[in-house]
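One structure is given here, and the rest of the page talks about it.
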Amino acid sequence: MNQSFFSAYKRLFQRIKKYVPVYLAGVFFLVLTNSGQLLIPQAIRFGLDNLEQRFWAIVAIGILAIVVAVGRIGWRFFIVGAARRAERDLRQDVFYHLTTLEPQYFHTMPVGDLMSRLTNDLQNVRMSLGMSVITFVDGTFMGLSIIAILISTNLLLGLVSILPFLFLVVIFLIFGKKIGRLFSDSMKAFAKISDEAQESLTGIRVIQSFHRERFFFDRLDRAGRNYFGIAIQLVRIWGLFFPLVSFITGMTVWTLVVFGGNLLLQGAITPGTFVAFLSYLGMLAWPMISVAFTIDMLQRGASSLNRLYEILDARPRITSAASARPPEKSFPLAVRNLSFSYHPDLPRVLEGVEFTIDQNEIVGILGTIGSGKSTLAWLLCRLLDPPPGSIFLGGKDIREWPLADLRGHFSMVPQNPYLFSDTVAGNILFGNPGATLADVEKVVEISGLSRDIAIFPEGLNTLVGERGITLSGGQKQRVALARALIASRDILILDDALSAVDAETEEHIIDFLFRHTNTRNIILISHRISTLMNCDKVLVLDEGRLVQSGPPIDLLKTEGVFAEIAAIQRFSSEVAPHV
Amino acid sequence: MSESVQEKTFDLAIVGKLLGMVKEFYPNLVLAIFFMILSALGELFLPILIKNIIDQVSKLALEGRLDQFPISDAILYLGILVSTMGANFLQIFLLSLLSQNLILKMRNRLYIHLLGQSMSWHQNQRVGKLVSALTSDLDTLSDFINNLISGFLRDILLMVGVVAVLFSVNTSLGLITVIAFPFVVFLIVFFRKQSRSAFRRVRKAVSSLNTFVNEHLSGISIIQLFTQEEATKSRFDTENREALNASLGEMYVNATFRPLIDVILSLSLGLIIWFGGGMVLDGWITLGTLVAYIELVRLFFRPVGEFAEYFSIIQSAMAGSERVFGLLEQHSEIPDTGQYEFPRDQVGLEFQNVTFGYVPGETVLSDLSFQIPPESTVAIVGYTGAGKTTITNLVARFWDPWSGRILANGRDLRDYRLQSLRHHVQGVLQDVQLFHGTIRENVTLGRDIDDFELREAARRSRLDKILERLDKGWDTELSNNGTNLSSGERQLVSFARVLCQNPAILILDEATSNIDSETEQLIQEGLTEVLRGRTSIVIAHRLSTIRNADRILVLDRGRLIEAGTHQELLDRKGLFYNLYLLQFQRSDSPTDFKSGRQGFR
């Protein structure tokens, strides 16, 4: 247990201080339970040693049993309840904090990893907040009391009969680490099987068409055998645990019988004491084991806590400036000598890009894969952070804008439309929860979704499945478009947003969009020259540099990337039959 | 993550099937049960030995022979203790060996089975469900076997043993213990009902919460873009609150059950002391017997609390095994009864009156007939839903036609060995599927392909251009589905994979989205070379493909409406001509189109 162990819990304590009274109540009930349990053997002893007055012993046992039951219910309510509430609080802290972090963060910390922290690690913390408090109190109060009672009743007998338990604790401390490691290995091996199966069943068509069933079978088989090996290794050690506990308990009884039997023989102890001893020893096993458990749980809890703090300590990189106030006007959108790279060690994605977009201008962006188009789109609405002094809205550096106000000027249809597992209407309304049904119907119309929605079983209330799985690529893109439109922002960015829609439908949508939207600016990223021809101005990006810009008709006549691509598309262009 | 709660009552038929799967482990099973019985007997015998020792000690004390401790009984006790531990460990170990072997075997069998099912079957399955059948459903079997034998059966044996011993020694004390039993059974039954619905609620709430969190973290940019952070937080709070309430509800149920069982145990103890004490006083039983009783009663009640747990584990294992066996019993393999080897080259294809649909009643292709001469390229054009992709599905025999025949060199496709057919008929699909592993593994898929052929495939697919850019070249590790490559790069890898196979028939679904024109042109250049001397079907999206094709088939709603060369079709001035004109006019006169828009603004 090192520095980080204690600091982890110290920090946790700050957060859950408010549950201290609840915990104290829980500990009170736990001690009540323990005391009741400790007194029962005394009642038995009294009854056995004074058989004529055993009625009172039975009355006592009955009362004690009820006290124990009440105590047990009480401590569970309070301690387990507090632990679960603390878990909820912690989960809320982490989730709230995550919503403030920039999207970039989720690349360094993938969602799968975050999820495992929010489930497994949070569970470990809950265990250390609940179970370990219980085992700690149990272990110390029960364990020490029993030892004290045994020793004070009969020093020699007490010492001798406790001996085997110490042995148990030592064994557990030695093997505990190895068991812990094997457990986590086996969980990883299990996850590996699941990954293999997930991947190959998703790609079943490829496997069958290349007839590679054997190859993929071997992969899964290998993962399965690896898991098998670890499971068997685990049971070799872990399988000994419970038999060993029974054995040690039996040993103490044996020690008691051998030594105590002699004492009984000599009349040094009464039969009642003998039976009481037997009961106490039976109660001692778990508190002793729980000492080892508690240590293990607390250690796991600490490392899990630290994994959660890693998230909580991630500083949001994109925030509002301290004295941020939005300027009066929100035009023009000016980009000045913008260079950007995702990481200082990585090559620049954008290099010295400059352009201005005036109010009511429709601007197209053309570029090859990796030329920085999407990066530019993200920089404009500060989903990525541009360097200071490179992007201005209404004459003010967007980094100086209050974040929510800035984003309030943009809406976007990203390249890969992301939908939530909600209804179609729910997904559209996400762009503007306050919108009316009439608004929804209007954007549905503009996005060319009306026909699709007419076929959907529940119309607008059709569930789209996880991430919109039940929709086709084109439908997803158009729902995302509707969502962007209903937000009704000044600047609409379409990032290759209709790539899965056939050319004719795309023309129709774009045409409709230009006619019916109140959006004042549109930034249109596309590969299709025919689409870009509709813009007032086209920017051509090549390997992060702005190589051409101007009205598309002019660009068509000028030698350069735009004209080249237009030529390629004219001769091999998407022919009328659409996909 | 959205597993529904699965329960099923004990089903002997399923147990029989499971037993059938572990035939070669019967000695193992018998041995494990033997050791289980041994350890249970040991545990039963220990209190009796203690009784003997105490009785002897009391007797010796009465007789004044204080120095003669019954040492042989003490040694016997120690011996039984050690062998009980050994037997206990052995039964746990043997059972784990058995259950892990069973799981491995079942998993492999199920996996082979799943890999062999037809695409039409797979299309209707949720991958997540199949994966959990291969993992968590099978894993419940290990809990099941361990809990059934080392838990349930052993505890039953112990309880029956305790009652037998009690009755054999003293009927009335036996009766006292048994009286408490109905109360306990009642409690278990009552509790189980409560606990089950509480548990169900927890599962549902937790799974819903996790889905919510997962989805919203994945879509964080959308939340921030639309500045919906606050709304998202408040929806999260609702989910989080329900998860807490459900988990507290479960805790309340569990927290009351165990203490109640313990009250019953203590009350029985009290009764035993009351009556037993009286009997000792009256000289009916010895003190040793009373002590042994107290120990036996503990032994009797110890497992009671576990029973509820056993039941739910057995139930979920039953449900899991039922799903696994259910999958194993579904047969939807493409029949592989053909004898002939598929020809290596010079393959001509013929569709004869082919009618087909994916769902009964919904015809996709109707009465389709056409021929593709050996080593010629046919382009298929048509609107979405015209049935273009379906043709590729039929040629590779992922589906068989409802009626009509597809012939290769005059022989029905069904007469070829499936493996041989699939080897020589390859499709490049729009949906690219890559696997974790190196680029080389993704291209070879574990086949034995020499370096020369690999390089050739890379050159022709233009994958070599990508490999040059990567530090580790062929040995670059890909993540699941190759998400660390761009979509264009992924497409090239899958193209190279097909070219390695050197198929006799190549089916190309031209991809449009996500590839920039330059990369597209690179592929086009390579394609000319690839298509030469090969029978190929191209689902065409590009004019150049159509121009270069030997023949063009125009499909409309599953029917062949026009066929011929590019020029012939243009001359015919049919559907093809219309579409062709429409597109060409647009790309030639963009200015008109634009001015049209401006007029409306």
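The chains referred to below are lettered A, B, ... by the order of the sequence lines, with proteins before strands, and numbering in each begins at 1.
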Inset, instruction - For A/Y418 and B/E215, indicate whether the former's side chain and the latter's backbone hold a donor-acceptor pair under 3.5 Å. - result: yes
Legend entry - Side-chain heavy-atom pair B/R422, B/F398 within 4.5 angstrom cut-off: yes
Inset, instruction - Step by step, work out the side-chain contact (heavy atoms from CB on, under 4.5 Å) result for B/N240 and A/F95. - result: CA-CA 10 Å; B/N240 201 12; A/F95 185 81; over 6 Å; no
Inset, instruction - Determine yes or no for a side-chain-to-main-chain donor-acceptor pair under 3.5 angstrom, with B/Y77 supplying the side chain and A/G250 the backbone. - result: yes
Legend entry - Contacting region of A/T99 [heavy-atom separation from chain B under 4.5 Å]: both
Inset, instruction - Under 4.5 Å heavy-atom distance to chain A, tell me which part of B/A396 shows up: side chain, backbone, both or neither. - result: neither
Inset, instruction - Sort B/I220 into side chain, backbone, both or neither according to what part of it lies under 4.5 angstrom from a heavy atom of chain A. - result: side chain
Legend entry - side-chain contact (heavy atoms from CB on, under 4.5 Å) assessment of A/L114 paired with A/F106: CA-CA 9 Å; A/L114 289 172; A/F106 296 82; 3.6 Å; yes
Inset, instruction - Under 4.5 Å heavy-atom distance to chain A, tell me which part of B/Q224 shows up: side chain, backbone, both or neither. - result: both
Legend entry - Selection from B/Q117, B/M119, B/H122, B/K233 maximising heavy-atom pairs under 4.5 Å formed with chain A: B/K233
Inset, instruction - With a 4.5 angstrom heavy-atom cut-off, could you sort out which part of A/L98 is near chain B: side chain, backbone, both or neither? - result: both
Inset, instruction - Under the ring-ring contact (aromatic ring centres under 6.0 Å, His included) rule, collect the residues that match up with A/F216, sequence neighbours excluded. - result: B/F435
Legend entry - Toward chain A, the part of B/I53 with a non-hydrogen atom under 4.5 Å: side chain
Inset, instruction - Under 4.5 Å heavy-atom distance to chain A, tell me which part of B/N101 shows up: side chain, backbone, both or neither. - result: both
Inset, instruction - Examine whether an atom of A/V68 lies under 4.5 Å from a heavy atom of chain B, and if so say whether it belongs to the side chain, the backbone or both; otherwise answer neither. - result: neither
Legend entry - Closest-packed option against chain B by number of heavy-atom pairs under 4.5 Å, given A/G47, A/A57, A/G224, A/A60: A/G224
Legend entry - Under 4.5 Å from a heavy atom of chain B, the part of A/I73 involved: both
Legend entry - B/M85 side chain reached by A/S246 side chain, heavy atoms, under 4.5 Å: no
Inset, instruction - Go through B/M251 and A/R84 one step at a time and tell me if the side-chain contact (heavy atoms from CB on, under 4.5 Å) criterion holds. - result: CA-CA 10 Å; B/M251 185 267 286; A/R84 296 196 174 171; 3.7 Å; yes
Legend entry - Distance, nearest 0.5 Å, that separates CZ of A/R483 from CZ of A/F420: 6.5 Å
Inset, instruction - Against chain B, work out which of A/A197, A/A43, A/S209, A/A69 has the most heavy-atom pairs shorter than 4.5 Å and name it. - result: A/S209
Inset, instruction - Identify which part of B/L244 has an atom lying under 4.5 Å from any heavy atom of chain A, answering side chain, backbone, both or neither. - result: side chain
Inset, instruction - Counting only heavy atoms closer than 4.5 Å, note whether A/R212 contacts chain B via side chain, backbone, both or neither. - result: side chain
Inset, instruction - Counting only heavy atoms closer than 4.5 Å, note whether B/Q426 contacts chain A via side chain, backbone, both or neither. - result: side chain
Inset, instruction - Among the options B/G219, B/G86, B/S96, pick out the one with the most heavy-atom pairs lying under 4.5 Å from chain A. - result: B/G219
Inset, instruction - Go through B/L104, B/D237, B/V263, B/L225 and name the one with the most non-hydrogen pairs under 4.5 angstrom from chain A. - result: B/L225
Legend entry - Which of A/R85, A/R382, A/E87, A/E102 touches chain B most, by non-hydrogen pairs under 4.5 Å: A/R85
Legend entry - Contact check, side chains of A/E213 and A/H211, non-hydrogen atoms, under 4.5 Å: yes
Inset, instruction - Please test A/N534 against A/I362 for side-chain contact (heavy atoms from CB on, under 4.5 Å), starting from the C-alpha separation and ending with a verdict. - result: CA-CA 8 Å; A/N534 301 319; A/I362 291 178; over 6 Å; no
Legend entry - Which atoms of B/I103 approach chain A - backbone, side chain, both or neither, heavy atom under 4.5 Å: neither
Legend entry - Largest heavy-atom contact set with chain A, pairs under 4.5 Å, which of B/L134, B/L49, B/T256: B/T256
Legend entry - Worked verdict on A/D221 versus A/R225 for salt bridge (charged side-chain N to carboxylate O under 4.0 Å, His left out): CA-CA 6 Å; A/D221 184 49; A/R225 281 179 200 284; 3.1 Å; yes
Inset, instruction - May I ask you to test the A/L240-A/F247 pair for a side-chain heavy-atom distance under 4.5 Å? - result: no
Inset, instruction - Please examine the side chains of A/W254 and B/I50, heavy atoms only from C-beta on, and report whether any two atoms are closer than 4.5 Å. - result: no
Legend entry - B/S221 portion near chain A, given a 4.5 angstrom heavy-atom threshold: both
Legend entry - Which of A/P414, A/G431, A/A404 touches chain B most, by non-hydrogen pairs under 4.5 Å: A/G431
Inset, instruction - Would you please name every residue forming a ring-ring contact (aromatic ring centres under 6.0 Å, His included) with A/F77, sequence neighbours left out? - result: B/Y252
Inset, instruction - Let me know if A/W75 has heavy atoms under 4.5 Å from chain B in its side chain, its backbone, both or neither. - result: neither
Inset, instruction - Taking the side chain as every heavy atom from C-beta outward, state whether A/M533 and A/L556 have any atom pair closer than 4.5 Å. - result: yes
Inset, instruction - Would you mind checking which part of A/F274 comes under 4.5 Å of any heavy atom in chain B, side chain (CB onward), backbone (N, CA, C, O), both or neither? - result: side chain
Inset, instruction - Please state whether the side chain, the backbone, both or neither of B/V206 comes within less than 4.5 Å of a heavy atom of chain A. - result: neither
Inset, instruction - Counting only heavy atoms closer than 4.5 Å, note whether A/F430 contacts chain B via side chain, backbone, both or neither. - result: both
Inset, instruction - Among B/V213, B/L130, B/T232, single out the residue with the greatest number of heavy-atom pairs under 4.5 Å to chain A. - result: B/V213
Inset, instruction - Measure from NZ or CZ of A/R489 to the centre of the six-membered ring of B/F226, then state whether that distance is under 6.0 Å and the direction lies within 45° of the axis. - result: no
Inset, instruction - Answer yes or no: is there a side-chain heavy-atom contact under 4.5 Å between A/D195 and B/H436? - result: no
Inset, instruction - Below 4.5 Å from any heavy atom of chain B, which atoms of A/L244 appear? Answer side chain, backbone, both or neither. - result: both
Inset, instruction - Heavy-atom pairs under 4.5 Å with chain B are the metric here; pick the option from A/R76, A/M251, A/M412 that has the most. - result: A/R76
Legend entry - Which atoms of B/L46 approach chain A - backbone, side chain, both or neither, heavy atom under 4.5 Å: neither
Legend entry - Selection from B/D139, B/V498, B/N254, B/I334 maximising heavy-atom pairs under 4.5 Å formed with chain A: B/D139
Inset, instruction - Side chain from CB out, backbone as N, CA, C, O: work out which of these in B/Q419 comes under 4.5 Å of a heavy atom of chain A, or both, or neither. - result: both
Inset, instruction - Give the member of A/L64, A/L220, A/I61, A/L101 that has the highest number of heavy-atom pairs under 4.5 Å with chain B. - result: A/L220
Inset, instruction - Taking A/R72 for its side chain and B/P259 for its backbone only, find out whether a donor-acceptor pair lies under 3.5 Å. - result: no
Legend entry - Residue pair A/D218, A/R214: steps toward the salt bridge (charged side-chain N to carboxylate O under 4.0 Å, His left out) verdict: CA-CA 6 Å; A/D218 287 344; A/R214 190 77 230 171; 3.6 Å; yes
Legend entry - B/L114 portion near chain A, given a 4.5 angstrom heavy-atom threshold: both
Legend entry - Proximal component of A/I207, with respect to chain B [non-hydrogen, under 4.5 Å]: side chain
Legend entry - Part of A/T100 within contact of chain B (heavy atom distance under 4.5 Å): backbone
